[in-house]
There are 2 protein chains.
Amino acid sequence: MKPFVLVVEDEEALATLLDYNLDKEGFRVERAADGEEGLLKVEEETPDLILLDWMLPKVSGVEVCRQLRARPETRRTPILMLTARGEESDKVRGLDTGADDYVVKPFAMSELTARIRALLRRTRPELVDERLEYADIILDRGSRRVTRSGRNVHLGPTEFRLLDFLMQRPGRVFSRERLMDAVWGPNTYVELRTVDVHVGRLRKALRDGGHEDPIRTVRSAGYSLDQQA
Amino acid sequence: MKPFVLVVEDEEALATLLDYNLDKEGFRVERAADGEEGLLKVEEETPDLILLDWMLPKVSGVEVCRQLRARPETRRTPILMLTARGEESDKVRGLDTGADDYVVKPFAMSELTARIRALLRRTRPELVDERLEYADIILDRGSRRVTRSGRNVHLGPTEFRLLDFLMQRPGRVFSRERLMDAVWGPNTYVELRTVDVHVGRLRKALRDGGHEDPIRTVRSAGYSLDQQA
DNA sequence: TCCGAGCGTCACATAAGTGTCATGCACCAC
DNA sequence: GTGGTGCATGACACTTATGTGACGCTCGGA
């Protein structure tokens, strides 16, 4: 379950950038171009976190904030304000607009995602915590442990990283090259077929105890964590 | 199938970096080291997008831009300018050089690819979109799955590419030669009739479950994805 | 130093997909 | 109708891609 982030930002370029980067960081992103649209989107589906520009057409960020806080279902939803330099009045700094945190533009994407994670950890730790889930498979990064249906699954370091990576985007097919890059590192000189072998080992470990194979082979394309069908 | 990006950049190191990253992002990349070479490469094969350095030996980026805009086949090809800080004159900012967008060096690779995707989406959405739809048929590139009316359709790699290509322009008739080029690659020596066979297989797979044949045979012309009429 | 866990390769078995062909039907022009 | 060309399709021999057990190597800990 990816954290669902709503980006309310009128600058098209920045919004695209945010969209792209957050998606890459494993968030599901929805965009709104102004405050009004933002409030509508929130009604459709309550986000796990809202990225809110301070200056917005139609309904300002501050006002959106106020309204969100007035609704019971978003009262506790973390809000991260985006402000331009100079807009950081004491009001923003003190966060008494109702926002939980803010960043000043221009900001490094890494700072933003760090703050997002920090906020999410506070409110919905299961979303960003060192833990990934797919079906009955649970991968805990902190303890470096994997269980399936409660039973412990023993994996070597490589298989662990491989599963971690696959679990970040279940259903998506990754080529051997991509997996090589992600799991072994971008400058490794290893046979591509080695990926097969490790996928095989991972499969074997996950099948242990009579479970179904959760990895799908897509001929001439790669592998994905996914139902066979 | 993959979007074709031409990188016109004289700095070897940056060009290599771009090449590597864009390739990883699923683009097919061709490089040119100066404006002159760039213009030649464009003649060989029209790119889907051009990454153009502002400062180039022999023919400057601006000039290349101008010439590209003068040619009918590249008039609408998106151009993304790479400029060094300080070169961002008002001219660049206003994009009245004919470029569609620009990034200032040094830039984050993620920003660049986001902008590239944004431009391609504007001009050729079928190249970057993750999923293609035609009637009740859905082709998802990310998970490499095809469904019809919700039911999974199993396709071999060739049939998958074939359907992908047909779905990019439903209703349009493609000759066997064209399909051969697009699906098998431009330098394949295979009987043209082989196309028939694969179309047949694709049809069979898509008809599975009592569905209608979505492919139309145009006698002595080729095939197209659309209603029989 | 010895040992076992992991890793990367290989070789071989198996499965899946591919290209051709032969055959028969469909369609079009007379 | 009729002849001829184009197309659909099942069979099949052949390639290629993938699954897997075995093996030798490395490395860290006992």
Side-chain angles (χ1 to χ4, degrees), chain A residues 144-146 152-166 173-185 187-208 212-226 228-229, chain B residues 144-146 152-166 173-185 187-208 211-225 228-229:
Chain A
R144 220 196 134 283
R145 184 160 294 180
V146 175
N152 199 32
V153 177
H154 177 82
L155 295 180
T158 307
E159 285 124 57
F160 185 84
R161 288 198 305 277
L162 180 56
L163 179 60
D164 186 313
F165 184 71
L166 290 175
V173 176
F174 297 103
S175 67
R176 291 164 221 288
E177 286 85 351
R178 189 87 177 65
L179 292 171
M180 203 82 232
D181 264 17
V183 177
W184 278 259
N187 288 90
T188 326
Y189 304 100
V190 174
E191 285 294 319
L192 264 190
R193 290 298 309 279
T194 300
V195 175
D196 297 29
V197 177
H198 280 274
V199 166
R201 288 170 181 160
L202 175 57
R203 275 179 158 147
K204 193 162 148 190
L206 290 172
R207 270 197 316 251
D208 199 67
E212 270 216 352
D213 181 1
I215 296 177
R216 174 170 60 116
T217 300
V218 182
R219 187 161 241 261
S220 84
Y223 299 96
S224 82
L225 184 70
D226 191 337
Q228 308 293 327
Chain B
R144 252 195 139 74
R145 276 183 195 279
V146 174
N152 202 22
V153 177
H154 178 85
L155 297 180
T158 307
E159 286 127 54
F160 187 87
R161 289 198 304 276
L162 180 56
L163 178 61
D164 186 313
F165 183 72
L166 290 175
V173 178
F174 297 103
S175 66
R176 294 176 171 70
E177 286 84 353
R178 186 87 180 71
L179 292 172
M180 203 81 232
D181 264 17
V183 177
W184 278 259
N187 289 89
T188 326
Y189 305 99
V190 176
E191 285 295 318
L192 265 190
R193 284 279 156 215
T194 300
V195 175
D196 297 29
V197 177
H198 279 275
V199 167
R201 288 171 181 159
L202 176 56
R203 275 178 159 150
K204 190 163 149 192
L206 289 172
R207 270 196 318 250
D208 198 68
H211 290 289
E212 270 215 353
D213 181 1
I215 296 177
R216 179 167 59 109
T217 301
V218 182
R219 200 181 163 84
S220 79
Y223 299 95
S224 83
L225 184 70
Q228 305 299 324

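Chain naming here is simple, since letters A, B, ... match the order of the sequence lines and numbering starts at 1 in each.
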Please enumerate all residues that pass side-chain hydrogen bond (donor to acceptor under 3.5 Å, both in side chains) together with A:R176, with sequence neighbours excluded.
A:D196, A:Y223
Taking C:dC27, C:dC21, C:dA16 as options, the one with an atom nearest any side-chain atom of B:E191 is C:dC21
Of all the choices, C:dT18, C:dC7, D:dC7, which nucleotide is nearest to the side chain of A:E159 once you look at every atom?
C:dC7
Could you say whether A:D196 or A:K204 is positioned toward the 5' end of DNA chain D, judged by the nucleotide with the nearest heavy atom to each?
A:D196
Base, sugar-phosphate, or nothing for B:V197, non-hydrogen atoms under 4.0 angstrom?
base
Regarding A:R203, tell me which of base, sugar-phosphate or nothing describes its non-hydrogen contacts under 4.0 Å with the strands shown.
sugar-phosphate
Does A:F160 reach a base, just sugar-phosphate, or nothing at all? Heavy atoms under 4.0 Å.
nothing
Quick one: does A:R201 reach the base of D:dG21 with a side-chain donor-acceptor pair under 3.5 Å?
no
Side-chain donor/acceptor contact of B:R193 with base of C:dT20 under 3.5 Å
no
Please determine if a side-chain N or O atom of B:Y223 lies less than 4.0 Å away from the OP1 or OP2 oxygen of D:dA8.
yes
Looking only at the side chains, is there a donor atom on one of B:R203 and B:T217 sitting less than 3.5 Å from an acceptor on the other?
yes
Counting only side-chain heavy atoms from C-beta out, which of D:dT18, C:dT20, C:dT18 sits nearest to B:T158?
C:dT18
Checking A:T158 now: which residues fulfil side-chain hydrogen bond (donor to acceptor under 3.5 Å, both in side chains) with it, not counting sequence neighbours?
none
Sugar-phosphate only, base, or nothing, as touched by A:T217 at under 4.0 Å among non-hydrogen atoms
sugar-phosphate
Does A:R207, at its CZ atom, have more than 12 non-hydrogen atoms belonging to other residues, nucleotides or ligands within less than 6.0 Å?
yes
